[in-house]
Amino acid sequence: MNLFAYFHDAVLRALGQMSEAGELAAGLDYSRIATEAPRDSSHGDVSTNAAMVLAKTAGQQPRKLAEALAARLGQHTDVDKADVAGPGFINLVLKKGFWPRVLEAIISEADSYGDSKIGAGIKSNVEYVSANPTGPLHVGHCRGAVFGDALASLLTKTGYDVTREYYINDAGAQVDVVGRSAYLRYREALGENIGEIPAGLYPGDYLKPVGEALARDHGAALLSKSENEWLPIAKAKAVAMMLDMIREDLASLNIRQEIFFSEKSLHDSGAVAETVERLRGQGHVYQGRLPPPKGEIPEDWEDREQTLFRTTAFGDDVDRPLIKSDGSYTYFASDVAYSASKIDRGFNELVYVLGADHAGYVKRLQAVGAANAGNRKVEVIARLCQLVRLFRNGEPVKMSKRAGDFVTLREVVDEVGPDVVRFMMLYRKNEAPLDFDFAKVTEQSKDNPVFYVQYAHARICSVLRKGAADDRKPDFSLLTDEGELAVVKRLAAYPRLLESAALAHEPHRVSFYLADLAGDFHALWNKGKESPHLRFIVESDSETTISRLAFLRAIRYVLASGLRILGVTPVEEM
RNA sequence: GACCCCGUAGCUCAGCUGGACUAGAGCAAGUGCCUUCUAAGCACUAGGUCGCAGGUUCGAAUCCUGCCGGGGUCGCCA
């Protein structure tokens with residue numbers, strides 16, 4: 001059950017009755033009406049702005065309209081009191097009997113509490129990480145990886161039909177470099193002293209197993225071949241093995257994309273050429289010249305006629321080249337074909353999770369999506385994740401740009417564990433930079449939100465273990481303490497929270513919600529220290545004990561549900 | 001030069017597709033609370049002209065314009 005959706009319907013029904021009764025003009029736009037929790041709980045439980053939103057078009061004074069509407073809402077079986085306040089807010093105070101029903105609903109819905117249909121089965125493609133298959137993932141990939149994965153879970157929970165996808169950049173110059181680097185390691189594996197790795201090749205040890213594998217598969221056969229012959233072999237092997245390593249890195253964070261989409265396959269199948277020609281036919285692609293880039297002009301800039309995508313027609317700043325001077329397609333060209341593939345596969349929502357350094361790419365992606373979509377409705381949503389700055393006891397962790405000297409994702413996960421990495425990466429909104437201090441995130445204190453939330457869950461489990469099993473039905477009307485009601489109200493807001501987080505594509509809201517809920521719970525716990533009758537287990541009162549234990553189960557469902565969306569383990573003991 | 005993100009309490013940050021008289025947390029500062037279901041915690045106090053200036057609105061931290069400050073991006077690189 002969704003508290004706010006429930007009363008939103010009630011508001012709309014009341015308005016309908018009013019227009020039938022001739023008290024309100026028919027055919028008004030109800031879309032801006034909001035039904036939500038008032039900021040200050042002393043105003044009531046549910047609040048609506050309906051009267052203020054409708055006043056102008058209805059030709060009525062907001063307060064008068066509000067009073068008429070409040071009168072009708074006051075009749076609702078669950079409403080104790082409907083007041084008009086301020087410029088025309090209607091505040092509803094719910095009957096005491098309503099809150100027990102919320103808890104009953106949570107317990108009967110259990111894990112499915114908070115499920116929503118707001119996604120309306122929209123086919124959403126969430127593409128994230130998509131790092132070049134040239135080495136292990138580094139710490140910079142963590143955030144996008146976790147963000148994308150949690151967003152996908154959030155969208156699934158709220159009724160979207162989600163596919164998690166990884167785009168493999170296995171077609172460009174970077175993978176040629178990996179191929180050559182692997183070939184060098186192959187020669188090394190055959191006993192040659194290769195000395196220092198030359199500049200321009202990847203020096204990392206992680207390519208040694210690729211060289212060894214090539215040696216196993218081919219013996220010395222590749223040594224006598226020309227680069228034209230051995231490069232594709234070395235490249236394919238290196239990409240495959242790097243990708244396996246990346247999959248393992250992701251798995252260490254419990255991330256598993258369903259689709260790994262190869263850029264190379266778009267070239268091999270002719271999809272890039274087809275897409276470019278189709279768009280040319282539609283007038284989106286033309287031969288022309290570009291103005292020189294602003295700012296610092298690259299040394300090798302040359303003015304020439306080239307094949308361009310008219311992205312400016314869709315809001316981009318300049319048109320973008322599709323074909324390089326050597327006749328091969330640009331990276332952007334394969335991206336155009338990739339976008340077309342997603343749309344052909346039936347997605348109506350394309351979510352790109354990118355690093356902030358790709359901000360300049362967003363308009364282009366949107367332009368391409370719009371052009372490929374034609375008259376189909378396809379939304380392109382880009383979410384940018386800002387940098388993560390690593391600290392160790394307050395000191396920044398130095399990472400030189402020299403290749404090979406970076407902190408890998410795996411190192412971070414191995415040191416602090418996947419739960420900590422995932423929660424911390426989501427405990428900041430994605431556009432804000434994030435500081436990650438190894439010492440702080442593993443601290444066992446309330447300053448550490450991961451611990452704080454997991455501790456709440458573990459505490460509940462601890463009490464539930466102590467509570468004796470009893471089949472009697474809980475009576476939630478026994479829960480009358482202010483602290484208890486605060487928790488119930490927070491639980492009631494969960495479905496709505498998920499919906500708004502999903503619509504905004506902002507999973508961090510779930511983390512903050514959980515920290516708040518955990519705070520409410522810890523406060524309640526502590527009340528039991530001062531007032532023994534408020535403890536969850538009250539020896540002398542089995543009725544209350546049964547009801548409170550059931551209440552704890554409801555809290556536990558919500559904590560666990562939220563943690564699952566974030567991909568963090570709801571631990572039972574700590 | 002253009003575009004993107006950020007600017008909210010001493011510090012780190014929330015603020016839900018604009019909403020109400022008192023803009024919220026946490027840390028840091030101050031004061032209390034352990035014979036008790038885990039004090040790995042809780043309660044209370046203090047602290048802010050929401051970068052600045054205009055505009056839209058019944059109503060702006062939230063939307064629009066300009067400016068200031070911090071970060072980022074610009075390529076036939078992926």
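By convention in this document, chain letters (A, B, ...) are assigned in the order of the sequence lines, proteins followed by strands, and residues within each chain are numbered from 1. Atoms considered below: every heavy atom in the structure, side chains included; atoms not considered: hydrogens, waters and symmetry mates.
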Colleague: Look through every strand shown and name the nucleotide pairing with B:rA20 as Watson-Crick or G-U wobble, where both distances are under 3.5 Å.
Modeller: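 WC or wobble partner does not exist here.
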Colleague: Which nucleotide, in any strand shown, forms a Watson-Crick or G-U wobble pair with B:rU57, with both distances under 3.5 Å?
Modeller: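 Partner of B:rU57: none found under 3.5 Å.
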Colleague: If you check the A:Gln386 side chain, which of B:rA14, B:rC16, B:rC5 turns out closest?
Modeller: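 The listed nucleotide nearest to A:Gln386's side chain is B:rC5.
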Colleague: Please report the C-alpha distance between A:Thr134 and A:Asn132 in whole Å, then the side-chain angles of each, then the deciding distance to 0.1 Å, and finally whether the side-chain hydrogen bond (donor to acceptor under 3.5 Å, both in side chains) criterion is met.
Modeller: CA-CA 5 Å; A:Thr134 56; A:Asn132 293 340; 5.0 Å; no
Colleague: On a whole-Å scale, what distance lies between the P atoms belonging to B:rA23 and B:rU65?
Modeller: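 Roughly 28 Å separates the two P atoms.
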Colleague: Rounded to whole Å, please give me the gap between CZ in A:Phe512 and C1' in B:rA14.
Modeller: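 Checked: the CZ to C1' distance equals 5 Å.
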Colleague: How long is the line joining CZ of A:Arg428 and C1' of B:rG15, in whole Å?
Modeller: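 A:Arg428 atom CZ is separated from B:rG15 atom C1' by 14 Å.
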Colleague: Is the A:Phe436-A:Phe438 ring centre distance short of 6.0 angstrom?
Modeller: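 Yes, the ring centres sit under 6.0 Å apart.
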Colleague: Check every atom of B:rU12, B:rG59, B:rA20 against the side chain of A:Arg32 and return the nucleotide holding the closest atom.
Modeller: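 Minimum distance to the A:Arg32 side chain belongs to B:rG59.
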Colleague: Over how many whole Å does the gap from A:Phe423 atom CZ to B:rA14 atom P extend?
Modeller: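 My rounded result for the distance is 13 Å.
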Colleague: Which value, in whole Å, describes the distance between the P atoms of nucleotides B:rA40 and B:rA46?
Modeller: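 Comparing P positions in B:rA40 and B:rA46 gives a spacing of 29 Å.
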Colleague: Of all the choices, B:rC3, B:rC37, B:rA14, which nucleotide is nearest to the side chain of A:Lys363 once you look at every atom?
Modeller: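 Of all the options, the side chain of A:Lys363 is nearest to B:rC3.
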Colleague: Taking the side chain of A:Arg459 as its heavy atoms from C-beta onward, which of B:rA14, B:rC77, B:rA39 lies nearest to it?
Modeller: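 Output: B:rA39.
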Colleague: Pairing check on B:rA43: which nucleotide meets the Watson-Crick or G-U wobble criteria with it, both distances under 3.5 Å?
Modeller: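 Result: B:rU31.
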Colleague: Would you mind checking if A:Lys527 and A:Glu484 are paired as a salt bridge, meaning a charged N to carboxylate O distance below 4.0 Å?
Modeller: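 Salt bridge flag = no for A:Lys527 with A:Glu484.
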Colleague: Could you tell me whether B:rC34 is syn or anti, where syn means a glycosidic angle within 90 degrees of zero?
Modeller: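 For B:rC34, whose glycosidic angle is within 90° of 0, the conformation is syn.
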Colleague: Would one find a side-chain N or O of A:Arg320 under 4.0 angstrom from OP1 or OP2 of B:rG75?
Modeller: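 It does, given that an N or O in the side chain of A:Arg320 lies less than 4.0 Å from OP1 or OP2 of B:rG75.
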Colleague: Which nucleotide, in any strand shown, forms a Watson-Crick or G-U wobble pair with B:rG66, with both distances under 3.5 Å?
Modeller: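 The answer is B:rC52, by the H-bond criterion.
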Colleague: Assign each of A:Asn430 and A:Ala359 to its nearest nucleotide of RNA chain B by heavy atoms, then name whichever residue's nucleotide is nearer the 5' end.
Modeller: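 The residue mapped nearer the 5' terminus is A:Ala359.
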Colleague: For this output row, return yes or no: ring centroids of A:Phe261 and A:Tyr166 closer than 6.0 angstrom.
Modeller: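 No, ring centres 6.0 Å or more apart.
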Colleague: Check this for me: does any side-chain nitrogen of one of A:Asp516 and A:Arg490 sit under 4.0 Å from a carboxylate oxygen of the other?
Modeller: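 A salt bridge is present here (some side-chain N lies under 4.0 Å from a carboxylate O).
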Colleague: Check whether NZ of the Lys or CZ of the Arg A:Arg548 lies under 6.0 Å from the centre of the six-membered ring of A:Phe536 and within 45 degrees of that ring's axis.
Modeller: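 No, a cation-pi geometry is absent between A:Arg548 and A:Phe536.
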Colleague: Please report, rounded to the nearest Å, how far the C1' atom of B:rG18 is from the CE atom of A:Met52.
Modeller: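 That distance rounds to 11 Å.
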Colleague: Look at the side chain of A:Ser500 against the base of B:rC16 and say whether a donor-acceptor pair falls under 3.5 Å; ignore hydrogens and angles.
Modeller: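 No, the side chain and the base share no sub-3.5 Å donor-acceptor pair.
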Colleague: Counting side-chain heavy atoms from C-beta on, which of B:rG75, B:rC42, B:rU73 comes nearest to A:Arg364?
Modeller: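 Closest nucleotide among those given: B:rG75.
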Colleague: When the P atoms of B:rU45 and B:rC6 are compared, how many Å lie between them, rounded to an integer?
Modeller: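 Taking atom P in both B:rC6 and B:rU45, they lie 33 Å apart.
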Colleague: May I ask you to verify whether the side chain of A:Asp170 and the base of B:rA78 hold a donor-acceptor pair under 3.5 Å?
Modeller: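 No, no donor-acceptor pair under 3.5 Å.
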Colleague: Would one find a side-chain N or O of A:Tyr452 under 4.0 angstrom from OP1 or OP2 of B:rA25?
Modeller: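 For A:Tyr452, the contact criterion (side-chain N or O under 4.0 Å from OP1 or OP2 of B:rA25) is not met.
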Colleague: On a whole-Å scale, what distance lies between the P atoms belonging to B:rA9 and B:rC52?
Modeller: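 The same atom, P, in both gives a distance of 10 Å.
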Colleague: Under a 4.0 Å threshold between the charged nitrogen and the carboxylate oxygen, would A:Glu349 count as salt-bridged to A:Lys377?
Modeller: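 So A:Lys377 does not pair with A:Glu349 through a salt bridge.
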Colleague: The side chain of A:Glu431 lies closest to which of these nucleotides: B:rC58, B:rC5, B:rA78?
Modeller: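 The nucleotide sitting nearest to the side chain is B:rC5.
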Colleague: Does A:Ser462 have a side-chain nitrogen or oxygen under 4.0 Å from the phosphate oxygens OP1 or OP2 of B:rU38?
Modeller: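 Yes, within the criterion.
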Colleague: Donor-acceptor pair, A:His267 side chain versus A:Lys264 backbone, under 3.5 Å?
Modeller: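 Not a single qualifying donor-acceptor pair exists.
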Colleague: Scan every strand shown for a Watson-Crick or G-U wobble partner of B:rG26, both distances under 3.5 Å, and answer none if you come up empty.
Modeller: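 Its partner is B:rC11 (Watson-Crick or G-U wobble, both distances under 3.5 Å).
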Colleague: Please pick, from B:rC42, B:rA39, B:rA20, the nucleotide with the shortest atom-to-atom distance to any side-chain atom of A:Asn91.
Modeller: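 The closest nucleotide is B:rA20.
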Colleague: Checking contacts here: which listed nucleotide (B:rA78, B:rA40, B:rC37) is nearest the side-chain heavy atoms of A:Phe451?
Modeller: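 So the nucleotide nearest the side chain must be B:rA40.
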Colleague: Among A:Tyr167, A:Tyr352, A:Tyr331, find the residue that satisfies the ring-ring contact (aromatic ring centres under 6.0 Å, His included) test when tested with A:Tyr338.
Modeller: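 Exactly one pass, corresponding to A:Tyr167.
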Colleague: Applying the 5.5 Å / 30° rule, does A:Phe89 stack onto the base of B:rA20?
Modeller: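 According to the criterion (under 5.5 Å, under 30°), yes, A:Phe89 stacks.
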Colleague: Answer yes or no: does a side-chain N or O of A:Lys466 lie under 4.0 Å from OP1 or OP2 of B:rU38?
Modeller: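 Affirmative; the distance criterion is met.
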Colleague: Between B:rC42 and B:rG48, how far apart are the two P atoms, rounded to whole Å?
Modeller: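 Those two atoms are separated by 25 Å.
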Colleague: With rounding to the closest Å, how many angstrom separate the P atoms on B:rC68 and B:rC11?
Modeller: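 Comparing P positions in B:rC68 and B:rC11 gives a spacing of 24 Å.
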Colleague: Say we look at B:rG24 and B:rG66: how far apart would their P atoms be, to the nearest angstrom?
Modeller: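 Per the computed distance, 32 Å lies between those P atoms.
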Colleague: With rounding to the closest Å, how many angstrom separate the C1' atoms on B:rA39 and B:rC50?
Modeller: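 Rounded to whole Å, the distance is 36 Å.
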Colleague: Identify, between A:Arg389 and A:Ala356, the residue whose nearest nucleotide on RNA chain B lies closer to the 5' end.
Modeller: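 Residue closer to the 5' terminus by nearest nucleotide: A:Arg389.
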Colleague: Only pairs with both distances under 3.5 Å count, Watson-Crick or wobble alike; so what is the partner of B:rG1 in this structure?
Modeller: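 Paired with B:rG1, as far as the under-3.5 Å criterion goes, is B:rC74.
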Colleague: Give the nucleotide from the list B:rC37, B:rG19, B:rA14 with an atom nearest to the side chain of A:Phe536.
Modeller: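 The closest nucleotide is B:rC37.
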Colleague: So, is A:Arg509 near the phosphate of B:rU17, with a side-chain N or O under 4.0 Å from OP1 or OP2?
Modeller: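 So the side chain of A:Arg509 is within the cut-off, an N or O lying under 4.0 Å from OP1 or OP2 of B:rU17.
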Colleague: Of the options B:rC37, B:rA78, B:rA40, whose atoms approach the side-chain atoms of A:Tyr455 most closely?
Modeller: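 Of the candidates, B:rA40 comes closest.
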Colleague: Are any of A:Lys429's side-chain N or O atoms less than 4.0 Å away from OP1 or OP2 of B:rA14?
Modeller: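 Affirmative; the distance criterion is met.
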Colleague: Would you say A:His457 reaches B:rU38's phosphate, i.e. side-chain N/O to OP1/OP2 under 4.0 Å?
Modeller: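 Checking A:His457 against B:rU38: no side-chain N or O falls below 4.0 Å of OP1 or OP2.
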